[in-house]
Amino acid sequence: MEAPLLALREVTRRFGGLTAVDSVSAEIGRGELVGLIGPNGAGKTTLFNLISGVTPPSAGEVAFQGRVISGLRPFEVARLGVGRTFQNLRVFPNMTVFDNVSVGAIRGTGLGDALFSHGGQKARAISEVTTEMLAKVGLAGLVDELAANLSYGKRKLLEIARALAGRPKLLILDEPAAGLNDTETVELAHFIESLRAEGLTILVVEHDMGLVMRVCSRVIVLAFGRKIADADPASVQRDPAVLDAYLGAGDE
């Protein structure tokens, strides 16, 4: 039996007296597209931060491709094959679209090696990857545009392109549809489905339940830091514990 790509083992994160993530265990297999949902304060973004190395766990461990990655720094986790976007956009507004995505490609190889070895071969490879990813997200015609001049929806795509440029084995999307209109959300759903069809493993936090239920084959639900459900979308929608957790809850 193939080992999971990502394994969370009793992962816990405390901030003083607050337990944001409480003994969460879960596995994600290669090629899965899994949604992570929960009401306000459920601990979803904290869990993403634990996976990507932004925050170390207080207890438990995160394993990626069979290797424990708890305690590694974010750039080390990224170089192992974990790419992510953020709930609050993190693009470089005064850099061009091309240069923003190049940062992701460089991260995948290491800055020194990328720029100064093999007579520029890696630098050319970075340029090729950047061009490929911009075309993939539909921004090929905006390579010289400053990121600050893009619409909100296009900046979302720019951040995804940057994450993809690192050639991740696991892509973590933190509320990719937030701030998008209905047309942009439908286009995003098609794009996420296309990435899964290519074999990419994806974990997505999203408050747009229509998007989650459409694209995800499995949904994990958090409430007050604990996992309360982990099943297919239809089963999750009928789960009494999930319905109770969402009753009267606002969006995060």
Side-chain angles (χ1 to χ4, degrees), residues 4-16 18-21 24-28 30 32 34 36 42-95 99-115 122 125-126 129-130 133 137 147 155-176 178 195 200-206 220 222 225 252:
L5 182 67
L6 178 73
L8 309 177
R9 299 165 182 151
E10 299 293 323
V11 175
T12 298
R13 176 63 196 187
R14 303 182 186 91
F15 296 98
L18 172 68
T19 301
V21 174
V24 172
S25 294
E27 294 183 349
I28 297 177
R30 297 176 191 275
E32 279 198 284
V34 179
L36 178 65
K44 304 181 296 296
T45 294
T46 299
L47 188 61
F48 268 19
N49 289 340
L50 291 169
I51 295 169
S52 60
V54 174
T55 305
S58 303
E61 63 183 23
V62 179
F64 182 69
Q65 298 189 111
R67 171 182 174 177
V68 175
I69 60 173
S70 306
L72 295 183
R73 290 172 289 182
F75 79 89
E76 294 172 318
V77 175
R79 291 190 68 176
L80 289 175
V82 179
R84 73 164 293 181
T85 65
F86 291 85
Q87 184 176 3
N88 299 312
L89 276 172
R90 297 190 184 183
V91 300
F92 302 107
N94 296 319
M95 290 171 57
D99 288 342
N100 264 273
V101 178
S102 292
V103 169
I106 289 169
R107 184 183 298 152
T109 57
L111 180 59
D113 287 345
L115 297 182
K122 286 194 175 181
I126 285 168
V129 170
T130 299
M133 295 308 156
V137 300
R155 277 182 282 160
K156 284 269 190 177
L157 292 173
L158 179 63
E159 191 176 38
I160 293 173
R162 186 176 63 198
L164 290 172
R167 299 295 195 190
K169 298 177 180 67
L170 171 66
L171 177 63
I172 300 174
L173 299 175
D174 197 346
E175 297 196 28
L195 293 177
L200 183 61
T201 307
I202 303 170
L203 176 62
V204 56
V205 160
E206 185 51 65
I220 297 170
L222 298 183
E252 189 172 79

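Computed from a predicted structure; not experimentally measured.
With hydrogens and angles disregarded, no donor-acceptor distance shorter than 3.5 Å links the side chain of K44 to the backbone of D174. Using a distance-only test at 3.5 Å, with no hydrogens or angles considered, no donor-acceptor pair links the side chain of R167 to the main chain of V129. For the pair N49 (side chain) and V54 (backbone), a donor-acceptor distance under 3.5 Å is absent.
Between L164 and L195, some side-chain heavy-atom pair lies under the 4.5 Å cut-off. With a 4.5 Å cut-off on side-chain heavy atoms, P168 and V82 do not count as touching. Two residues are said to be in side-chain contact when any heavy atoms from C-beta on lie closer than 4.5 Å; L5 and Q65 meet this criterion. Here the side chains of L203 and I51 are in contact, with some heavy-atom distance below 4.5 Å. Counting only heavy atoms from C-beta outward, the side chains of I220 and V24 never approach each other to under 4.5 Å.
G60 and S70 make their closest contact through O-OG, 4.4 Å (heavy atoms, listed as atom of the first residue, atom of the second, distance). For the residue pair V21 and G43, the shortest heavy atom distance occurs at CG2-O, 3.7 Å. Residues R162 and F92 approach most closely at NH1-CE1, 3.6 Å, considering heavy atoms. Across all their heavy atoms, V205 and F48 have their closest contact at CG2-CZ, 3.4 Å. Smallest separation of non-hydrogen atoms from R90 and E159: N-OE2, 3.3 Å. Heavy-atom minimum distance, R84 versus S52: NH1-OG, 3.0 Å.
Put simply, CD1 on I28 and CD1 on I202 are 11.0 Å apart, with the number rounded to the nearest 0.5 Å. Taking CG of L36 as the reference point, atom CD1 of I172 lies at 10.0 Å (rounded to 0.5 Å). Separating the CG atom in L8 from the CG atom in L50 is a distance of 8.5 Å, to the nearest 0.5 Å. Note that the OG1 atom of T12 and the CD atom of E61 stand 12.0 Å from one another [nearest 0.5 Å].
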Trace of the side-chain contact (heavy atoms from CB on, under 4.5 Å) decision for V103 with M95: CA-CA 10 Å; V103 169; M95 290 171 57; 3.9 Å; yes

If you apply the rule side-chain contact (heavy atoms from CB on, under 4.5 Å), what do you find for F64 with L72, and how did you get there? CA-CA 11 Å; F64 182 69; L72 295 183; over 6 Å; no

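Listed by chain and number, the residues in a salt bridge (charged side-chain N to carboxylate O under 4.0 Å, His left out) with R14 amount to none (sequence neighbours excluded). Looking at residues two or more places apart in sequence or on another chain, you find no salt bridge (charged side-chain N to carboxylate O under 4.0 Å, His left out) involving E206. A search for side chain to side chain donor-acceptor pair (under 3.5 Å) contacts involving S25 returns E10, not counting sequence neighbours.
Tested against T85, the residues I160, V91, L158 include a single side-chain contact (heavy atoms from CB on, under 4.5 Å) partner, I160.
Side-chain atoms of T46 and R13 include no donor-acceptor pair closer than 3.5 Å.
In this structure, R79 fails the cation-pi test against F75, since its NZ or CZ atom is not both closer than 6.0 Å to the six-membered ring centre and inside 45 degrees of the ring normal.
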